Novice: 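Below you will find the structure I want to go over with you.
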Amino acid sequence: MSDDIYREIILDHYRNPRNKGKLLDADVSIHDSNPLCGDEIDIHLKVDGEKIKDIKFEGRGCAISQASASMLTEMIMGKPLTSVKDLTKDDILENIGLLNLGPARIKCALLSLKVLKLGMVKYYADRDPDSAKKLQSDSTGM
Amino acid sequence: MSDDIYREIILDHYRNPRNKGKLLDADVSIHDSNPLCGDEIDIHLKVDGEKIKDIKFEGRGCAISQASASMLTEMIMGKPLTSVKDLTKDDILENIGLLNLGPARIKCALLSLKVLKLGMVKYYADRDPDSAKKLQSDSTGM
Amino acid sequence: MMQKGALNVEKIREDFPILKRKVSGGKPLVYLDNAATTQKPLAVINAIHDYYMNYNSNIHRAVHQLAEEATIEFEKTREKVAEFINARSTEEIIFTRNATEAINLVAYSWGRTNVKKEDTIVITEIEHHSNIVPWQILTSEKGAKLKYVGIDDNGYLKLQEYVDYLDSGKKAKLVSVSHMSNVLGTIVPINEIIKMSHEKGIPVVVDGAQSVPHMPVDVQKMDCDFMAFSAHKMLGPTGVGILYVKKEILEKMPPFIGGGDMIKEVHKYETRYNDLPYKFEGGTPNIADVIGFAAAIDYLNNIGMDKVREHEVELTTYALDKISRVRGVTLYGPRNSKDRGGVISFNIGDIHPHDLATIMNDHGVAIRSGHHCAQVLMERLDVPATSRASFYIYNTKEEVDIFVGALEEARRVFKI
Amino acid sequence: MMQKGALNVEKIREDFPILKRKVSGGKPLVYLDNAATTQKPLAVINAIHDYYMNYNSNIHRAVHQLAEEATIEFEKTREKVAEFINARSTEEIIFTRNATEAINLVAYSWGRTNVKKEDTIVITEIEHHSNIVPWQILTSEKGAKLKYVGIDDNGYLKLQEYVDYLDSGKKAKLVSVSHMSNVLGTIVPINEIIKMSHEKGIPVVVDGAQSVPHMPVDVQKMDCDFMAFSAHKMLGPTGVGILYVKKEILEKMPPFIGGGDMIKEVHKYETRYNDLPYKFEGGTPNIADVIGFAAAIDYLNNIGMDKVREHEVELTTYALDKISRVRGVTLYGPRNSKDRGGVISFNIGDIHPHDLATIMNDHGVAIRSGHHCAQVLMERLDVPATSRASFYIYNTKEEVDIFVGALEEARRVFKI
Ligand SMILES: Cc1ncc(COP(=O)(O)O)c(C=O)c1O
Ligand SMILES: Cc1ncc(COP(=O)(O)O)c(C=O)c1O
C-alpha cells in the first residue's frame, strides 16, 4: 500500500515542489490548515481576465498535502477560471493518482483544493456572489 | 414489604405528627431538604443548660421522613445534649423500626437526624468547635 | 391484542433484554420511568460492545486504521442525527454530555455574548430545572430579567400571556421553552411561539428532551434556532446530548469548552478555532456512546416516529381512563391525549409520591416520584411532589393494568 | 520473556479482546497510541454491558429497584476514584465528560470568580491544548495575562524560570501544569512546583491526564488544589472525566453547569444548590460509563500502579535504545526513562509524521502523528509535527521490535 502511495512522482513533488513561494502582486491570497493534523497551505493567485495567470503556494505538511498542492498548481496554471471553479475532489485525486486514500489522508490530498476554492470565494465575493456561494459550500466538508 | 414499612405507627405519626409547629423562642432553627426527593424539615430547638428543653419540627414530605421526624422529637425531648449529640443512624432506624430500607428511602428516614445534627453544629459553633466539627462531618453523606 | 395497535410491541419487547428481568423478589419488571431514561435495545448495547471489542480508538486526529474506523462511525451518527431532526447540515449538530449541557452551552456562549443588563429572557412554568437554572445564572450575572409564561389549571400554556407581553411592546432577548412537559405531558404550541417570536426578532431555544424521543420533530419546519435533547431518553446510551443550532447563529457564537479538537491552530497567546461543529466539541468526545446512539436512531427510524407517537397516544388514552377510575386519584395535565405525551402525573389521597413509588416497586412497577426537576411547576400546582408514570414503545396495556392494580394495593396499605 | 518483567503481560493481553484483532489486511494489531486512548479490558466492557442488560436507570432521584441499584454502583465508582488518588472524601470527586471539561470547569467556576484584570495565570510550554485554551479564553475575557514557563532542549521544565518569577516578587493567581507531557513524556517536578506556589498562596491545577493512568498519584501527598484526568486514558470508557478539588476550595466555587441534579431547591427567581459534589454535576450523568470506570480502577489496582510504572519504564528504556539506533531518527524529550512516561516522540529524515503513520499502519502498527494537541510545544521544538508511540500495560518488547522494523521499512519507501 505505502509503496503505491509514495510513488516516485509524489516524493519528487514533495521534495521539489513546483510553484512554491510568495506572489507579491497576488489578486487573492488565502490560508487554511487541516485541524486534524496541522498541515498548512497558502495559495496566491494572480487572475488575468478570465484565467489563472499565475499561482504559487506555500505550505508545510505531509508528502501527500504538499505534493498535491504542487501538482495542483501545475494543473491549473493558465487555465480559465470557469473550469478551475468546477474542479472536483475526484479531479484532484486522479491528478495525483491516489484513488484509495482513507478518510484521514484524503483530507491531506484535498487541502490545497479547499484553499483554492476558498480563494475563489474571496475572488468572486463581489464579482459573482452565486459562484462564491457555491464554491463556499463545495469547500465545506473537504 | 410495604406492609412492613407502613405499619400503623408510621401512618399514625405521619397523619398526626407530634411536636409539629414553630417554636418562637428557639435557640436554634435549621432547615434542610433532601435534594433527591424534595422532602423538607425544619427543626427548632430550645436548649436549657445541658438538655433539650423543647423541640418542634415543621416539614413536608413522605410518610417515612415525616414520621421519622415526629418520632425523633419524642425520642429526644428533655434528653441531655451529650447523648443527643451522639445519636447514630442506627438509633434512628431502630427508633422507627425500619431496618431494611433501601438507599433512597433511608435518606428520607435520616433527614430529620441530619437537620438535627446541623442544628447542633450551629449551637456548638462557638461553644465547642470540636463537637461542631464532628457533628458537621457526621451529617455529611446522610 | 398488541397486534392491533400501532406497534408490534411483543416483537419490540424481545429486543430489550432488561424487560425480562424480575425485580422485588420475582415480580416481572414493569418499567414506567421512561421520561427519566429509556431502556436500550440490544442493537445499541451491541454497538457499544462492538466498538470496544473491535475498533476503540481516539478519533479525528490519527491515521491508523482503528482511528479511521472510529472516526467514520462517529461522524455517521452526526449524519443520522441531522437527518432525524431534519437539520440542514451536520455542521449544525453538536454533541454534548446531555440536554442540560446543551442548554448551558447556549447560555454560556450565545447568552454571555448577547444578553445585556435589563434584557429579558422568557421561559415558562413547565420548564425542567435544566431550562431554568442556566438562565437564572445568566440573568443574575448580567443583571438581566427572567420572565415566566404561566399555565392554566388544565396544564396548558397560557400562550395569550406571551402574546400580550409582546403586544405591549415589551422586549425579549431570547425565549427558551420545553416542547413537551416532562411532568404534565403538555405539548406546547411551539410553531406559534416560534413564529410570534421571530416576528419580533427573538430567537427561540426548544428543549426537546421529551419531544424528540416521542414524536416526529423537524427543526426546519419548526424553524427553531436552538434545540437540545438527550440520547438516553430515546433508546441511546447515557452520556450523549445533542445541541442543534442554526448555522448562521452558530457561526457567530464564541466557543464554550476550550481544549483539544476544537481548535485549528493554537499559539501562545492566540488561537484559531476549528470549523463547525468541532469548535464546540472540546476534548475527547464520548466516542463509544455517540456511535451507540446511531443504532438507537436506526431503531426508531425502523419503527417510524409517527407510529411511536400513535402507540403512546393509544396507551396514554387507555391509562388516563383507567387511572382516573381509581378512588382518590388527582390527575395533572391535559386530559386529551392528542395534546400531550405519554407522561402521566398524579397523586392519590394523602399518600406521598415516594411512599407510593415504594409500594409500586414492591409490585415490580418502576415509576418516578418527586418534583421531577420541575419545582417551579410543583409550586404552580401547589403540591410538593407527584407520582409519574411514563411510557415508551415497549409498554403495553397489560402493564398499565398491573400498575393500576398496584395503585389499588397502595390504597389498602395506606388504609384510604 | 515477559514473565521476567514487572507484569505478566501475556496474561494481561488475554483480557483485552481487541488485541487479537488483525488490521491492514491481516497484520496483528500493534497498538501504540495509548496516550490518546487506551484499550479496555473485558471487565470494563462487560460492566457496561451488564448495566444496560440488567439495571439501566436514571439515578439519585428515584425509589424503584433499578434506580437504587444504578445509584449504588454509580456512587461506588466515586468511592473508588477517591481512594485511587487518595482524596479525603468523595465530595471532592466530580464527574465530567473528560479531562478537558474538568479543566474548563475550573476556568469557568473558580476562574471567573477569582481572576481579575492584570492577574497572571502561569502555565508551561508542554501543555496540551486542553490546559491552554481555557486559560486563553479566561484571561482574554478578564484582561488578565498568561505566562509560560519554558523547557530546555532536553525537554525538562525550566523550573528556575518559575523560581525567578516568584522571587522577583511577581504574582500569579493560579498555576496550571501538566504532571506528565503527552508528547515528550517529561514528568515535571510537581511537588516542588506546588510547594513553591503554596508558599506564595497560589493554588495549583494539575493536569493528570497522562500521569494518573501511568503511575501512583496521591493528591494529598502532592497537595494539589485541583486535578483533572480522563477515564478513557486508563482502561475506562469514553465520556468520563474526573475533576478533583480540595473541599475547602470547592465549597466556595459557584456552579458551572446548571440544571437537574445539581440543585437542592429551585424557585422562580432563586435557587439553592445541592451538596458537594453534586452541585457540579448538572443533568443526567454518563451513568453506564461511570459504572464501567469502576472496573477499570479495579483492574489497575489489581496490577498495582507501581508495577504499571515499572513495566513502562522497562519498555521505554528498551524502545528508546532501539529507536535511537534507526538512522535519521531525531528523538524528543528526556533520555532517562526515570524522568519520563512511556510516550516517545520522534521524527525520521524528511518523512512527515502523517506519512510515517500511514506506512506504520500498513504494518499493523498504530501510532499517532501530528501536533498531539500541543502546538505551543511544537513551536518550541520548531517542528510542525512529530510521530508518537506510547505504551501501556499490554505492550511488549516484541511489539517494539515490530514497530522498529516498520521504521526501517519507512526509510526504504521514502528512499532515505
Ligand atoms: C496532558 C493531557 N491533558 C489533557 C488531555 C485531554 O484529555 P481529554 O481529551 O480526554 O479531555 C490529554 C489527552 O488528550 C492530555 O494528554
Ligand atoms: C424537559 C426536559 N428537559 C431537560 C432534561 C434534562 O435532560 P438530561 O438530564 O439528559 O440533561 C429533561 C430530563 O430529565 C427533561 O425532561
Side-chain angles (χ1 to χ4, degrees), chain B residues 1-18 20 31-42 57-72 92-93 96-115 142, chain C residues 22-27 33 36 128-130 133 183 328 345 347-388 403 405-416:
Chain B
M1 245 271 296
S2 320
D3 289 290
D4 297 342
I5 296 177
Y6 301 103
R7 286 165 299 125
E8 199 63 47
I9 183 165
I10 298 280
L11 293 181
D12 179 43
H13 273 270
Y14 175 51
R15 289 181 172 137
N16 310 296
R18 326 298 197 259
K20 188 152 181 184
H31 166 90
D32 203 26
S33 60
N34 180 342
L36 312 183
C37 61
D39 286 356
E40 293 179 40
I41 297 280
D42 287 85
F57 86 99
E58 298 174 278
R60 53 184 204 169
C62 64
I64 295 176
S65 73
Q66 303 304 306
S68 170
S70 169
M71 290 160 95
L72 177 69
I92 296 301
L93 299 177
I96 58 176
L98 295 177
L99 292 160
N100 276 327
L101 290 175
R105 300 316 308 280
I106 217 170
K107 298 234 173 215
C108 302
L110 296 176
L111 178 60
S112 49
L113 178 63
K114 184 180 181 192
V115 176
M142 253 181 204
Chain C
K22 302 278 186 286
V23 289
S24 295
K27 307 278 186 327
D33 192 17
H128 187 279
H129 292 163
S130 296
V133 184
V183 177
S345 276
N347 269 311
I348 172 165
D350 70 346
I351 310 181
H352 190 281
H354 295 334
D355 298 316
L356 186 69
T358 294
I359 299 170
M360 291 282 130
N361 186 55
D362 281 351
H363 294 84
V365 181
I367 62 166
R368 189 140 295 230
S369 56
H371 53 56
H372 315 293
C373 296
Q375 286 190 320
V376 168
L377 178 58
M378 294 296 120
E379 280 182 14
R380 169 64 183 82
L381 298 175
D382 199 22
V383 292
T386 72
S387 293
R388 180 184 77 182
F403 160 60
L407 280 184
E408 295 290 1
E409 262 302 290
R411 291 185 54 240
R412 185 192 60 72
V413 171
F414 262 72
K415 308 187 173 53
I416 53 175

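Note: hydrogens, waters and symmetry copies are ignored here, and every other heavy atom, side chains too, is used. Computed from a predicted model, the values in this text were never measured in an experiment. Letters go in sequence order (proteins before strands), and every chain restarts at 1.
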Novice: Out of the candidates C:D355, C:L356, C:I351, only one should pair with B:C62 under the side-chain contact (heavy atoms from CB on, under 4.5 Å) rule; please name it.
Specialist: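 Exactly one candidate clears the test, C:D355.
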
Novice: What part of B:R7 is in contact with chain C, defined as an atom under 4.5 angstrom from a non-hydrogen atom: side chain, backbone, both or neither?
Specialist: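 Looking at B:R7, nothing touches chain C.
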
Novice: Where does the angle between the aromatic ring planes of C:F414 and B:Y14 fall among parallel (under 30°), tilted (30 to 60°) and perpendicular (over 60°)?
Specialist: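 Judged by the thresholds at 30° and 60°, the geometry between C:F414 and B:Y14 is perpendicular.
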
Novice: So which residue, C:M378, C:H363, C:H371, ends up with the most heavy-atom pairs under 4.5 Å with chain B?
Specialist: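 Between C:M378, C:H363, C:H371, the count favours C:H371.
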
Novice: Around B:N16, counting heavy atoms of other residues, nucleotides and ligands shown, do more than 12 lie under 6.0 Å from its CG?
Specialist: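 Above 12, so yes.
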
Novice: Looking at chain B, which one of C:R412, C:Q375, C:E409 has the largest number of heavy-atom pairs inside 4.5 Å, strictly under?
Specialist: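 Going by pairs under 4.5 Å, I would pick C:R412.
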
Novice: Do side-chain atoms of B:R105 reach the backbone of C:H354 as a donor and acceptor pair under 3.5 angstrom?
Specialist: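 Confirmed, B:R105 side chain pairs with C:H354 backbone.
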
Novice: Can you tell me how far apart CD1 (C:I359) and OH (B:Y6) are? Round to the nearest 0.5 Å.
Specialist: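 The distance works out to 5.5 Å.
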
Novice: Decide yes or no for C:V383 and B:R60: does some side-chain heavy atom of the first lie under 4.5 Å from some side-chain heavy atom of the second?
Specialist: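 They are not in side-chain contact.
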
Novice: Please look at B:I10 and chain C and tell me whether the side chain, the backbone, both or neither of the residue comes under 4.5 angstrom of a heavy atom of that chain.
Specialist: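 Neither; nothing under 4.5 Å.
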
Novice: Could you report the tightest heavy-atom contact between B:L11 and C:V413, atom names first, then the distance?
Specialist: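 It is CD1-O, 3.6 Å.
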
